[in-house]
Amino acid sequence: MITAKELCGKAKANVKEANTEELQKAIEQGARVIDVREPAEYSQGHIREAVNMPRGVLEMQLNQHPDVAGYDDALERIAQKPLYLICKTGGRSALAAESLERMGFNNVYSVDGGMTAWQEEKRPVVAGE
Ligand SMILES: O=S(=O)([O-])[S-]
């Protein structure tokens, strides 16, 4: 048996991580951001450019991302740009990144420190849906 913290630690060791500085630059360059927290957490404060797809449904909903929804090759399209996953502190996003890598995505980053770091650094957030 391992704890959730250990599970996340193993995932973090397996995936590419980015810090908030790198995320901010990536957003400026057009990268996509998916916030994998639950809707109630997202609505309390999120990055303006982030689309909410909770970790529990991410793999199933990815082809419905607003940038690619409706295309037969939605997943191939979403894979064409770097994808940054963010959660509260970087645990769920690492698990989610691991899963997307298993689906064949190789340009996926988990944001280390998550929204906690983003907000501690006073980077901009918006509330609501
Ligand atoms: O997994 S978590 O960092 O959002 S608590």
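Position 1 is the first residue of the sequence, and the numbers go up from there. Remember, it's 1-based here, ligands and their atoms both numbered in the order they're listed. All values derive from a computational prediction rather than experimental measurement.
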Check your understanding: Can Ile78 be reached from Leu100 by stepping across I, L, V, M, F, W or Y side chains whose heavy atoms are under 4.5 Å apart?
Key -> yes
Please tabulate protein-ligand N/O pairs under 3.5 Å for ligand 1, atom names and distances to 0.1 Å.
unit_1   : atom_1 : unit_2 : atom_2 : d
ligand 1 : 1 (O)  : Arg92  : N      : 2.9
ligand 1 : 1 (O)  : Arg92  : NE     : 3.4
ligand 1 : 3 (O)  : Thr89  : N      : 2.8
ligand 1 : 3 (O)  : Thr89  : OG1    : 2.5
ligand 1 : 3 (O)  : Gly90  : N      : 3.2
ligand 1 : 3 (O)  : Gly91  : N      : 3.1
ligand 1 : 4 (O)  : Lys88  : N      : 3.0
ligand 1 : 4 (O)  : Arg92  : NE     : 2.8
ligand 1 : 4 (O)  : Arg92  : NH2    : 2.8

Exercise for review: May I ask you to decide whether Glu6 forms a salt bridge with Lys10, counting only side-chain N to carboxylate O separations under 4.0 Å?
Suggested key: no
Can you give the donor-acceptor pairs under 3.5 Å from side chains of residues 45-53 to other protein atoms, not counting sequence neighbours?
unit_1 : atom_1 : unit_2 : atom_2 : d
His46  : ND1    : Tyr42  : OH     : 3.4
His46  : NE2    : Gly128 : O      : 3.0
Asn52  : ND2    : Asp35  : O      : 2.9
Asn52  : ND2    : Arg37  : O      : 2.9

Practice item. Applying side-chain contact (heavy atoms from CB on, under 4.5 Å), run through Leu85 and Tyr109 and close with a yes or a no. Key: CA-CA 6 Å; Leu85 306 180; Tyr109 298 83; over 6 Å; no
Exercise for review: Consider only side-chain heavy atoms of I, L, V, M, F, W and Y, link residues closer than 4.5 Å, and tell whether Leu83 and Ile86 are in one cluster.
Suggested key: no
**Study point:** Lys12, NZ: over 12 other non-hydrogen atoms inside 6.0 angstrom
**Key:** yes
